[in-house]
Amino acid sequence: MIPVNEPLIGEREEDYVRECLRSGWISSSGRFIEDFEEKWAGYCGRKFGIAVSSGTAALQVALGCIGLEPGDRVILPTFTIISCALAVIYNGGVPVLADCDPRTWCLSPEGVKDAIQREVQKGHGKELKAVMPVHIYGHPVDMDSLLELADAYSLTVIEDAAEAHGAEYLTGRSGSNPSWKRCGGLGDLGVFSFYANKAITTGEGGMVVTDDAMFAEKARSLRNLCFRPEQRFLHTEAGHNFRMTNIQAAIGLAQLERIEAILEKKRAIGKAYKERLRDLPGMQLPAEEAWARSIYWMFGIVLEEITGMNAAQLAERLRDQGIDTRPFFLGMHEQPVFQSMGLFRNETYPVAERLSRQGLYLPSGLTLTESQIDEVAEAVKNALC
Ligand SMILES: Cc1ncc(COP(=O)(O)O)c(C=O)c1O
């Protein structure tokens with residue numbers, strides 16, 4: 001079976017982990033934590049990095065930084081992982097959903113506009129506090145118009161760049177001074193996951209990045225049970241144990257040292273699939289907009305309805321040929337857990353619904369070989385004929 005993903009662990013990772021084990025720095029103190037935080041933040045063009053135990057924890061901490069009051073609203077794409085909506089709920093807020101762009105599959109500025117209007121009409125305009133663009137499958141969200149909207153409605157921007165390590169976005173393209181910036185470096189707070197299938201992994205892990213010293217201090221406190229610096233075991237706020245270990249950071253740092261090679265391989269996989277599948281009718285391949293440098297974290301495809309097939313049917317045919325795939329996200333508004341909480345009832349988001357039905361991603365891991373890419377592309381062609 002060709003797996004969807006396999007992590008690639010190098011000698012440097014082993015050396016650094018051995019150093020942790022030999023030195024005894026195996027919990028959440030040690031040289032690798034601070035080094036990884038500083039270098040990751042720097043890589044993203046940010047001042048501060050706060051390492052945590054997962055991307056889900058990073059989302060929760062980032063939302064915690066902005067201090068939501070009960071009933072405050074946060075806009076997010078329906079087409080994303082459940083961690084995004086849960087982070088809002090666990091922080092006492094109300095998730096407000098928006099549809100995504102049919103080309104990039106990311107949160108669309110029009111969707112955000114609709115969501116804002118809806119909330120304003122319902123009398124919740126004042127409770128709108130934040131927006132959470134999620135860079136899907138390695139392609140950046142179109143941030144410029146979103147940042148303008150955020151500015152107009154005083155929304156904090158929390159970027160979820162879990163799937164877009166090192167992806168770049170051309171900011172200010174309609175002005176005279178456009179510049180490329182890395183995802184996670186565009187909003188007020190950026191969030192990353194380092195789960196084993198991510199471009200850079202620490203096994204499990206995550207990071208919050210920001211330029212704001214107050215957010216950084218709050219994030220550090222929230223990840224460590226809100227211990228007060230002046231008196232141990234006195235707590236005036238509720239926090240979490242979301243600490244990353246020195247061992248995880250050691251792996252992350254080793255990976256970060258060769259991020260350019262990792263991303264080059266990801267992009268090469270994307271290019272290779274595109275060359276092989278481009279002429280196949282009935283299929284949408286991932287876009288790369290002129291203002292974006294995607295990392296092709298996972299190579300997604302969306303089947304046109306004229307194929308008479310949906311993603312689950314294609315996945316089954318590919319599995320029969322020894323190829324593993326993953327379905328696209330199921331929208332938050334279609335999740336039974338949220339329906340049972342009385343959320344998103346009767347809401348519909350046609351773009352996301354179609355992507356969930358017709359989309360899947362192909363093997364895209366760093367260990368994938370050219371001949372495996374050929375095999376996967378052949379299998380897709382056969383499955384569709
Ligand atoms: C977009 C996005 N955000 C957040 C997460 C959560 O990260 P983690 O699995 O590290 O908790 C993921 C998951 O992999 C993700 O894809």
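Indexing begins at 1, ligand by ligand and atom by atom, following the structure's order. These values consider heavy atoms only, across backbone and side chains, with no hydrogens, waters or symmetry-generated copies.
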Output for pair (Thr80 OG1, Glu163 CD), nearest 0.5 Å, gives 7.0 Å
Between the side chains of Tyr169 and Glu159, does any donor sit under 3.5 Å from an acceptor?
no
Present, as a list of atom pairs with distances to 0.1 Å, all nitrogen or oxygen contacts under 3.5 Å between ligand 1 and the protein.
unit_1   : atom_1 : unit_2 : atom_2 : d
ligand 1 : 3 (N)  : Asp160 : OD1    : 3.3
ligand 1 : 3 (N)  : Asp160 : OD2    : 2.6
ligand 1 : 7 (O)  : Ser193 : OG     : 3.4
ligand 1 : 10 (O) : Gly55  : N      : 2.8
ligand 1 : 10 (O) : Ser193 : OG     : 2.7
ligand 1 : 11 (O) : Gly55  : N      : 3.4
ligand 1 : 11 (O) : Thr56  : N      : 2.8
ligand 1 : 11 (O) : Thr56  : OG1    : 2.5
ligand 1 : 14 (O) : Lys198 : NZ     : 2.5
ligand 1 : 16 (O) : Glu163 : OE2    : 2.6

Ile2 side, atom CD1; Gln321 side, atom CD - distance, nearest 0.5 Å:
10.0 Å
Any chance the side chains of Glu353 and His333 put a donor and an acceptor closer than 3.5 Å?
yes
Mark yes or no for whether Thr245, through its side chain, and Ser27, through its backbone, hold a donor-acceptor pair below 3.5 Å.
no
Results of side-chain hydrogen bond (donor to acceptor under 3.5 Å, both in side chains) for Glu168 - residues two or more places apart only:
Arg293
